[in-house]
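Notes follow the structure.
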Amino acid sequence: MTTFPMPADEAEARAVQDALRTRVVLDETGPPPGTGHVTGVDVAYDEERDVVVAAAVVLDAATLGVVAESTARGTVSFPYIPGLLAFREIPTVLAALEALPVDPGLVVCDGYGLAHPRRFGLASHLGVLTGLPAIGVAKNPFTFHHEQPGPRRGDSSPLLDEGEEVGRALRTQDGTKPVFVSVGHRTGLDNACAHTLALARDFRQPETTRRADALCRSALREALA
DNA sequence: GCGACAG
DNA sequence: ATCTTGTCGC
């Protein structure tokens, strides 16, 4: 089981990010869409009772059918601070991933990867710790800027941090708000977008995220019941 | 100092 | 993330 050293404060957390960011692999294309496994991870909280539940759901990339799923319970070990989300989510997510009976394949995170103040968001952090290819698909543009992509499914525009493309605003369904895709680890941006589009076949959000979100919420309710 | 700010 | 009913639209 992977242990996760929890930083004592914000400065230490940022130092950890600066140290680990050198281990992100960006020269791999990543697994081709539509083959193998794709795994969604997500976390739900009850701040009052100090309970965190993470879920991991493995889908068959070709059919989007569920292959396996797992959950893990933990405690709230870090506050939400923009730019430091990974420290809040990763410990429990790691436990859920390790409980899976099959290889996760590509991991799809609810958040960002390289699109991050220090280029080391949740998806990159999780990728480096597990060695797995990982991407981030976020619902909000965070601190970045973008032009509106075209109106149709598949249309996209660059997500920019002071002129540098750190990800892409990708329209996954006609007439819905775009999602924000960035590379995490061992994956290219074009491929990350192709995966996102394939996974968002029926809804705005990737099926991986939808399944993981539903699972960690229901598991949290049980944990409290 | 103020505003913005993944989940 | 989470607090929360009904309601507008396909």
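Reminder, nothing fancy here: chain letters follow the sequence lines and each chain counts from 1. Keep in mind that what you see is a predicted model, and the values were worked out from it rather than measured.
- Listed for the Gln173(A) side chain is a donor-acceptor partner under 3.5 Å among the backbone atoms of Ala200(A).
- The side chain to side chain contact (heavy atoms under 4.5 Å, CB included) test with Thr39(A) singles out one residue from Val108(A), Leu97(A), Leu59(A), Val67(A), and that residue is Leu97(A).
- With respect to Arg217(A) and Asp213(A), a salt bridge is recorded, a charged nitrogen being found less than 4.0 Å from a carboxylate O.
- Among the candidates Val38(A), Val66(A), Val102(A), the single residue satisfying the side chain to side chain contact (heavy atoms under 4.5 Å, CB included) test with Val58(A) is Val102(A).
- Residue Arg118(A) qualifies as enclosed at atom CZ: its count of foreign heavy atoms under 6.0 Å is above 12.
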> What one-letter contact string describes nucleotides 2-7 of chain B from 5' to 3', where B marks a base within less than 4.0 Å of any protein heavy atom, S marks contact via sugar-phosphate atoms alone, and - marks no contact?
Replying inline: ---BBB
>> I'd like to know whether Val53(A) forms a side chain to side chain contact (heavy atoms under 4.5 Å, CB included) with Thr92(A), so could you lay out the CA-CA distance, the side-chain angles of the two residues, the decisive distance to 0.1 Å, and finally the verdict.
In response: CA-CA 7 Å; Val53(A) 172; Thr92(A) 317; 5.9 Å; no
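- A salt bridge is absent between Asp42(A) and Arg211(A); no separation between the charged side-chain nitrogens and carboxylate oxygens falls under 4.0 Å.
- When base pairs are accepted only as Watson-Crick or G-U wobble with both N-N or N-O distances under 3.5 Å, DNA chain C takes part in no stem of 3 or more pairs.
- In this entry the distance linking CD of Glu48(A) with P of dA1(C) reads 18 Å, nearest Å.
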>> Checking Leu114(A) against Leu26(A) for the side chain to side chain contact (heavy atoms under 4.5 Å, CB included) test, could you report, in this order, the C-alpha distance in whole Å, the side-chain angles of both residues, the deciding distance, and whether it holds?
In response: CA-CA 10 Å; Leu114(A) 281 191; Leu26(A) 298 175; 3.7 Å; yes
